[in-house]
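Structure first, then comments.
The structure displayed is predicted, hence computed values, not measured ones.
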Amino acid sequence: MSTSEKKGKGMRLPGVMKDSHILTIIGLMLMVAVIMLILKPDAYFSGKNLTSMIFQFPEYGILAFGMMVCMIAGGIDLSLVGIMNLTGVLAALILKNMVQMDGTTVLNPGMVIPAIALAILVAIVVGAACGAFNGFIIGYFNLPAMLVTLCGLQLYTGLAYGITGGPAINGMCDAFKNIANGTIPGTSIPWVLLIFIAVLLVVAFIMKFTIFGHEIYFLGSNAKAAMYSGINTLRVTVLTYMFSGILGGVSGILITSHLNSAKSSNGSTYTLLTLLIVVLGGIHPDGGRGRVLGVTLSVLLLQMIANAFTLMHVSQNAKTFANGCLLIVALVLSVILANRPAKKKNTASAS
């Protein structure tokens, strides 16, 4: 073995640092930070603005993890926003019926904690049921995930609209609003940041250290090979979309708490946003590849960009256009980076 080869083996970078997607995201984050340091340093890097960013990204960041899991499995979940709004509406109804309010005063304070606990439980259970329904239709009937979940989006959005009759459900108690808007007593750390970190750790643990997580990757890499190797692909598909639905339910609680309002049209741009996050984060559109870290960094990057647009007074239409352009670039980049190892291998074998 030559000296250069020995050096190469001794100086190998960790897998994360060799991930082109992660390096690209870190580079983009630094670029945004430098641009805002030049244009709006006082406004962008103020403690108030940084805290504001923390309050905003967890609800769609958790949705992105649901999208990520389904895409790694070789599918997609376009119904997540519908699940989020349906579970948010049900949680709001429970709170409005169980907690009696006179303006902003709670008349039966003893019911606040049980009502919030029941609202969270119902949101998670309904989210799981919606996801399991999606997964069963996809896995049992072997239908395209895109079509099934697109129909699911319309179904769950229609159910949420039918329950509310159109108008939003407003005026939840302060304890519920504090889930997404409050901070830990004596600090400026938002509760919602701790919720996001807890969900992140659970998702990362499941995807990296459990048999179920490995089955998701295997299913996305080659569904037929997974089936012939003895994996129950229907079970894995149902559980994958159930997991995604649970994350949709968690987001439903967060967005309803954040806005103090529940309706069928909340977060209407989140479908495009979550797709952009997962693709930019390195989740391959064909499945089987991607890291939770890449998606997490992508969530932070998109929040940095969105906040920069807000401070620069960019219109919502321009933001949507920019996100669409970023999604196209991210898809092209994903394909290019995925094909590079194969090209290098072919070049090496030819020489």
Report summary line: Hits for side chain to side chain donor-acceptor pair (under 3.5 Å) against Tyr270, two or more places apart or cross-chain, chain-then-number order -> Glu59
Table please: side-chain donor-acceptor pairs of residues 161-170 below 3.5 Å, with sequence neighbours left out.
from	atom 1	to	atom 2	distance (Å)
Thr164	OG1	Ala160	O	3.2
Thr164	OG1	Tyr161	O	3.3
Thr164	OG1	Gly166	N	3.2
Asn170	OD1	Ser261	OG	2.9

**Report entry** Residues that Lys177 engages under salt bridge (Lys or Arg N to Asp or Glu O under 4.0 Å), provided they are two or more places apart
**Finding:** Asp174
Query - Gln56: partners by side chain to side chain donor-acceptor pair (under 3.5 Å), with sequence neighbours left out - result: Ser52, Gln303
Report summary line: Here the salt bridge (charged side-chain N to carboxylate O under 4.0 Å, His left out) pairs for residues 210-236, sequence neighbours left out, are Glu215-Arg235
Requested in this report: Mind jotting down which residue pairs meet the ring-ring contact (aromatic ring centres under 6.0 Å, His included) criterion with at least one end in residues 165-207? Sequence neighbours excluded, please.
Outcome: Phe57-Phe196, Phe65-Phe196, Phe205-Phe209
Query - Within residues 105-149 or reaching into it, pairs that qualify as ring-ring contact (aromatic ring centres under 6.0 Å, His included) - sequence neighbours excluded - result: Phe136-Tyr140
Requested in this report: Apply side chain to side chain donor-acceptor pair (under 3.5 Å) to Lys319 and list each qualifying residue two or more places apart in sequence or on a separate chain.
Outcome: Thr310
**Report entry** Pairs meeting criterion side-chain hydrogen bond (donor to acceptor under 3.5 Å, both in side chains) with involvement of residues 79-97, two or more places apart
**Finding:** Asp77-Ser79, Ser79-Asn134
Requested in this report: Name all pairs fulfilling the side-chain hydrogen bond (donor to acceptor under 3.5 Å, both in side chains) condition that reach into residues 225-234, sequence neighbours left out, sorted by first residue then second.
Outcome: none
Report task. Identify, with sequence neighbours excluded, every residue that meets side chain to side chain donor-acceptor pair (under 3.5 Å) alongside Asn266. Result -> none
Please report, to 0.1 Å, the donor-acceptor pairs under 3.5 Å made by any side chain of residues 104-127, with sequence neighbours excluded.
from	atom 1	to	atom 2	distance (Å)
Asn108	OD1	Gln100	N	2.8
Asn108	ND2	Met98	O	3.0

